[in-house]
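I have placed the structure first, in the form of structure tokens, so that the comments after it can refer back to it.
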Amino acid sequence: MAPSYFKIAVVFLPGLLLGVAAILLTDPFPQPLSYHEFADHNLFLGLVHAGDVLSNLAFIFVGGLGLWYLSASSKCFSSFMDSRERWAYWCLFLGVFLTGFGSSWYHLDPDNYSLVWDRLPMSLGFMAVFSAVIAERVKISFGVTLLAPLIVLGLASVLWWIWTEDRGHGDLRWYLLVQFYPMLTMSLMLLLLPTPYTHGSHYWGLLVCYMVAKVTEIFDHQIFEFTHEVISGHSLKHLLAAGGVAWILRMLWLRRPLQR
């Protein structure tokens, strides 16, 4: 049964209203340069910031495994009621796979320009999973139709940010909106809209891992000190975020339509 228009409005409007209010009520602000001052300065195999660089292997592994599942595993066909739904997951796992390389490149020499190659594939992943949940919980054709515009919007937010940084008046607001609006709206979809599949609760694994990852990112230096410089909070962020995507892959592996 399709969700009512009232439920759809309750799901999509709160984040939209908050986002519009944030854009209208706040001035553009740049990326703080202190963001690039990570705790991990360990040297390993000639790599500076080794923990932050090597922890990105988790993205490459999970993203690559997801791409393999969609392309080479006959089991994946039973995970979808409509083959068009697979496109969003293709983009999700491709974004995660490329994030492993982009983030590694960034952490070798952190600055705003190398950060672009981290954020572009990340925005691809954000928008893809948002489209996937819309297709599942609202309407398949709606989610599939929104996939390309959402990806363009996500990529444009990163390009807008670096373009404004390059001109001395950085505007990070749109990138933050693209990152947090899908997470809020997805949470409401999971709470209010039913799923036509088994194991639909696995999306919570992604959201919880993402939220905990943001906390470890904030406490990057404190975690590094607490672990006696073994692992930093930012390295943990990479591992947790990859773990959240692994929950999505596990969901696809296990889930079946409740009805066709």
Side-chain angles (χ1 to χ4, degrees), residues 3 7-19 22 55-56 58-59 61-63 65-66 69 79-80 85 88-97 99-100 103 118-119 121-138 142-143 146-147 150-151 153-154 157 175-220 223 233-255:
K7 281 190 175 181
I8 293 174
V10 169
V11 165
F12 285 92
L13 282 180
L16 184 61
L17 293 175
L18 287 173
S55 56
N56 283 292
F59 289 124
F61 176 75
V62 174
L65 195 60
Y69 177 73
S79 301
F80 302 100
E85 292 181 88
Y89 292 98
W90 271 105
C91 293
L92 167 62
F93 292 122
L94 178 61
V96 171
F97 183 74
T99 295
S103 182
D118 184 5
R119 286 181 169 170
M122 282 176 57
S123 66
L124 172 61
F126 288 139
M127 296 294 97
V129 73
F130 188 32
S131 167
V133 178
I134 292 172
E136 177 184 318
R137 304 277 173 147
V138 180
F142 188 45
L146 283 177
L147 177 60
L150 285 173
I151 289 174
L153 183 63
S157 72
Y175 175 72
L176 294 179
L177 179 61
V178 159
Q179 185 174 170
F180 289 106
Y181 173 73
M183 296 301 159
L184 173 60
T185 305
M186 282 171 54
S187 299
L188 292 174
M189 280 194 280
L190 297 180
L191 288 171
L192 299 176
L193 304 182
T195 174
Y197 294 104
T198 62
H199 298 89
S201 61
H202 275 51
Y203 286 109
W204 287 112
L206 171 65
L207 294 174
V208 170
C209 284
Y210 177 78
M211 289 186 288
V212 177
K214 298 304 291 184
V215 173
T216 63
E217 179 182 36
I218 293 170
F219 293 100
D220 180 33
I223 292 173
H234 201 88
S235 296
L236 281 177
K237 173 201 172 184
H238 294 161
L239 299 176
L240 286 163
V245 179
W247 270 103
I248 300 300
L249 180 56
R250 183 177 187 272
M251 177 195 73
L252 294 178
W253 180 267
L254 295 174
R255 82 176 187 178

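The heavy-atom pair separating Pro14 from Ala9 by the smallest distance is CD-O, 3.8 Å. In plain terms, the two heavy atoms of Ser131 and Leu147 that are nearest each other are OG-CB, 3.5 Å. Pairing each heavy atom of Asp118 with each of Ser103, the nearest pair is OD1-CB, 3.6 Å. Nearest approach of Leu206 to Val129, heavy atoms of both residues: CD2-CG2, 3.8 Å. When all heavy atoms of Val62 and Val245 are compared, the closest pair comes out as CG1-CG1, 3.6 Å. Across all their heavy atoms, Val138 and Met189 have their closest contact at CG2-SD, 4.1 Å.
In this structure, the side chains of Tyr203 and Thr195 stay at 4.5 Å or more apart for every pair of heavy atoms. With contacts defined as side-chain heavy-atom distances shorter than 4.5 Å, the pair Val133/Glu136 does not qualify. For the pair Leu176 and Phe180, the minimum side-chain heavy-atom distance is below 4.5 Å. Within the 4.5 Å cutoff, side-chain heavy atoms of His202 are placed close to those of Leu254. The closest side-chain heavy-atom distance from Tyr210 to Leu207 is not below 4.5 Å. Taking 4.5 Å as the limit, every side-chain heavy atom of Pro121 sits out of range of all side-chain heavy atoms of Phe59. The closest side-chain heavy-atom distance from Met127 to Leu146 is not below 4.5 Å. Looking at heavy atoms from C-beta onward, Met183 lies out of side-chain contact with Phe130 at the 4.5 angstrom threshold.
Note that the CG atom of Leu150 and the CG atom of Leu124 stand 11.0 Å from one another [nearest 0.5 Å]. Here NZ of Lys237 is found 10.0 Å from CD1 of Ile218. Values are rounded to the nearest 0.5 Å. Atoms OH and CG, from Tyr181 and Leu153 in turn, are 10.5 Å apart once rounded to the nearest 0.5 Å. For the atom pair Met122 CE and Thr99 OG1, the distance stands at 6.5 Å (nearest 0.5 Å). Note that OG of Ser235 and CG of Asp220 are 7.5 Å apart. Values are rounded to the nearest 0.5 Å.
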Exercise. Begin from the C-alpha positions of Leu188 and Val10 and carry the test side-chain contact (heavy atoms from CB on, under 4.5 Å) through to its verdict.
Key: CA-CA 8 Å; Leu188 292 174; Val10 169; 5.8 Å; no
Exercise. I would like to know whether Leu18 and Leu184 meet side-chain contact (heavy atoms from CB on, under 4.5 Å); could you show each step before the answer?
Key: CA-CA 10 Å; Leu18 287 173; Leu184 173 60; 4.1 Å; yes
Quiz item: Could you walk me through whether Met186 and Phe126 pass the side-chain contact (heavy atoms from CB on, under 4.5 Å) check?
Solution: CA-CA 11 Å; Met186 282 171 54; Phe126 288 139; over 6 Å; no
Quiz item: Could you go step by step and tell me if Phe12 and Ile134 meet the side-chain contact (heavy atoms from CB on, under 4.5 Å) rule?
Solution: CA-CA 10 Å; Phe12 285 92; Ile134 292 172; 4.0 Å; yes
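Proximity of a side-chain donor or acceptor of Thr185 to a complementary backbone N or O of Pro182 within less than 3.5 Å is not detected. A donor-acceptor pair under 3.5 Å is absent between the side-chain atoms of Ser79 and the main chain of Trp253, judged by distance alone. Remark: side-chain polar atoms of Arg137 are paired, donor with acceptor, to backbone N or O of Leu193 under 3.5 angstrom.
Ring geometry for Phe80 versus Tyr89: interplanar angle of 30 to 60°, hence tilted.
Ring to ring, Phe93 and Tyr69 are not that close: their centroids are 6.0 angstrom or more apart.
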